[in-house]
Peer 1: 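Sharing a structure with you now.
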Amino acid sequence: QVQLVESGGGLVQPGGSLRLSCKPSGSIASINGIRWYRQAPGKQRDLVAIITSGGVTDYVDSVKGRFTISRDNAKNTVYLQMNSLKPEDTAVYYCNPSGYPWGQGTQVIVSS
């Protein structure tokens with residue numbers, strides 16, 4: 001049964017940084033599209049960033065220049081580096097490799 005573990009969330013002040021990690025049970029080297037989503041309270045789940053097997057990345061406009069998605073095939077882990085965090089970044093963040101079910105997510109709270 002495929003599964004994944006997301007971690008790295010927490011409480012951070014505005015302007016701070018966090019690095020989220022996503023570790024699927026299978027090899028990420030064979031997965032083309034890996035995405036990070038987020039869901040704020042009372043809102044729908046939205047796409048934040050995507051990375052392909054070739055390392056091509058794309059981001060939603062609201063996080064461009066602040067967030068960086070990356071993948072380390074040797075460690076079988078996908079990361080989301082989040083800098084200059086804002087209160088509106090507060091959400092549960094989910095990693096979603098193609099073909100995997102949703103995980104439990106990791107909570108990010110940006111507040112002073």
Side-chain angles (χ1 to χ4, degrees):
Q1 182 177 359
V2 295
Q3 58 183 0
L4 56 87
V5 177
E6 299 125 320
S7 61
L11 173 63
V12 63
Q13 293 186 344
S17 297
L18 285 173
R19 188 177 77 161
L20 307 184
S21 299
C22 168
K23 194 171 179 68
S25 56
S27 171
I28 67 169
S30 62
I31 301 173
N32 186 18
I34 300 179
R35 299 164 176 83
W36 281 98
Y37 288 79
R38 66 185 178 187
Q39 187 168 18
K43 296 189 177 181
Q44 66 182 18
R45 192 170 299 182
D46 292 324
L47 179 64
V48 175
I50 181 172
I51 186 166
T52 69
S53 58
V56 177
T57 60
D58 200 8
Y59 303 89
V60 66
D61 285 347
S62 60
V63 308
K64 283 181 179 178
R66 300 189 299 122
F67 289 13
T68 303
I69 187 172
S70 62
R71 57 194 295 165
D72 186 334
N73 288 352
K75 294 183 178 180
N76 208 49
T77 303
V78 179
Y79 302 100
L80 185 67
Q81 177 67 45
M82 307 187 297
N83 299 327
S84 302
L85 283 161
K86 304 175 181 180
E88 51 264 43
D89 295 317
T90 294
V92 179
Y93 284 72
Y94 298 89
C95 173
N96 186 235
S98 296
Y100 274 74
W102 293 105
Q104 81 286 353
T106 185
Q107 175 78 58
V108 172
I109 299 174
V110 185
S111 175
S112 55

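Keep in mind the model is a prediction, meaning the values are calculated, not measured.
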Peer 1: What is the minimum heavy-atom distance between Leu80 and Ala49, and which atoms define it?
Peer 2: CD1-CB, 4.2 Å

Peer 1: Please identify each residue that fulfils ring pair (Phe, Tyr, Trp, His ring centres under 6.0 Å) with Tyr37, with sequence neighbours left out.
Peer 2: Trp102

Peer 1: If I compare all heavy atoms of Thr90 with all of Gln107, which pair ends up nearest, and what's the gap?
Peer 2: CG2-NE2, 4.4 Å

Peer 1: Among pairs that include at least one residue of residues 2-25, which meet side-chain hydrogen bond (donor to acceptor under 3.5 Å, both in side chains), considering only residues two or more places apart or in two chains?
Peer 2: Ser17-Asn83

Peer 1: Please answer: with hydrophobic residues joined when any side-chain heavy atoms are less than 4.5 Å apart, are Phe67 and Tyr79 in the same cluster?
Peer 2: no

Peer 1: Is it true that, when you exclude Lys64 itself, more than 12 heavy atoms of the residues, nucleotides or ligands shown sit nearer than 6.0 Å to its NZ?
Peer 2: yes

Peer 1: Looking only at non-hydrogen atoms, find the nearest pair between Ser62 and Arg38 and report the distance.
Peer 2: OG-NH2, 3.5 Å

Peer 1: I'd like to check the side-chain contact (heavy atoms from CB on, under 4.5 Å) partners of Ile50; sequence neighbours left out, ordered by chain and number.
Peer 2: Arg35, Asp58

Peer 1: Does the side chain of Val60 reach to within under 4.5 Å of the side chain of Leu47, using non-hydrogen atoms?
Peer 2: no

Peer 1: Would you indicate whether the side-chain heavy atoms of Arg66 and Asp89 approach each other to under 4.5 Å?
Peer 2: yes

Peer 1: Which atoms form the tightest heavy-atom contact between Ile34 and Cys95, and what is the distance?
Peer 2: CG2-SG, 4.1 Å

Peer 1: With a 4.5 Å cut-off on side-chain heavy-atom distances among I, L, V, M, F, W and Y, is there a chain of contacts connecting Ile69 to Val48?
Peer 2: yes

Peer 1: Give the cluster check for Val78 versus Tyr100: same hydrophobic cluster or not, with ILVMFWY residues linked at side-chain heavy-atom distances below 4.5 Å.
Peer 2: yes

Peer 1: If hydrophobic clusters are built by linking Ile, Leu, Val, Met, Phe, Trp and Tyr wherever their side-chain heavy atoms come under 4.5 Å apart, do Tyr59 and Ile51 end up in the same one?
Peer 2: yes

Peer 1: Just verifying a value: how many Å separate Leu18 CG and Leu11 CG, rounded to the nearest 0.5 Å?
Peer 2: 9.0 Å

Peer 1: Between Tyr94 and Gln39 (side chain of the first, backbone of the second, donor and acceptor by atom type, cut-off under 3.5 Å), is there such a pair?
Peer 2: no

Peer 1: Evaluate the side-chain proximity of Cys22 to Trp36: yes if any heavy-atom separation is below 4.5 Å, no if none is.
Peer 2: yes

Peer 1: Calculate, to the nearest 0.5 Å, the distance between atoms CG and OG belonging to Asn73 and Ser27 respectively.
Peer 2: 6.5 Å

Peer 1: Identify the two heavy atoms, one from Asn32 and one from Arg71, that lie closest to each other, and give their separation to 0.1 Å.
Peer 2: O-NH1, 3.2 Å

Peer 1: Hey, quick one: are Met82 and Val92 part of the same hydrophobic cluster, counting side-chain heavy atoms closer than 4.5 Å, chains of contacts allowed?
Peer 2: no

Peer 1: What pair of heavy atoms forms the shortest contact from Pro97 to Ile31, and how long is it?
Peer 2: CB-CD1, 3.8 Å

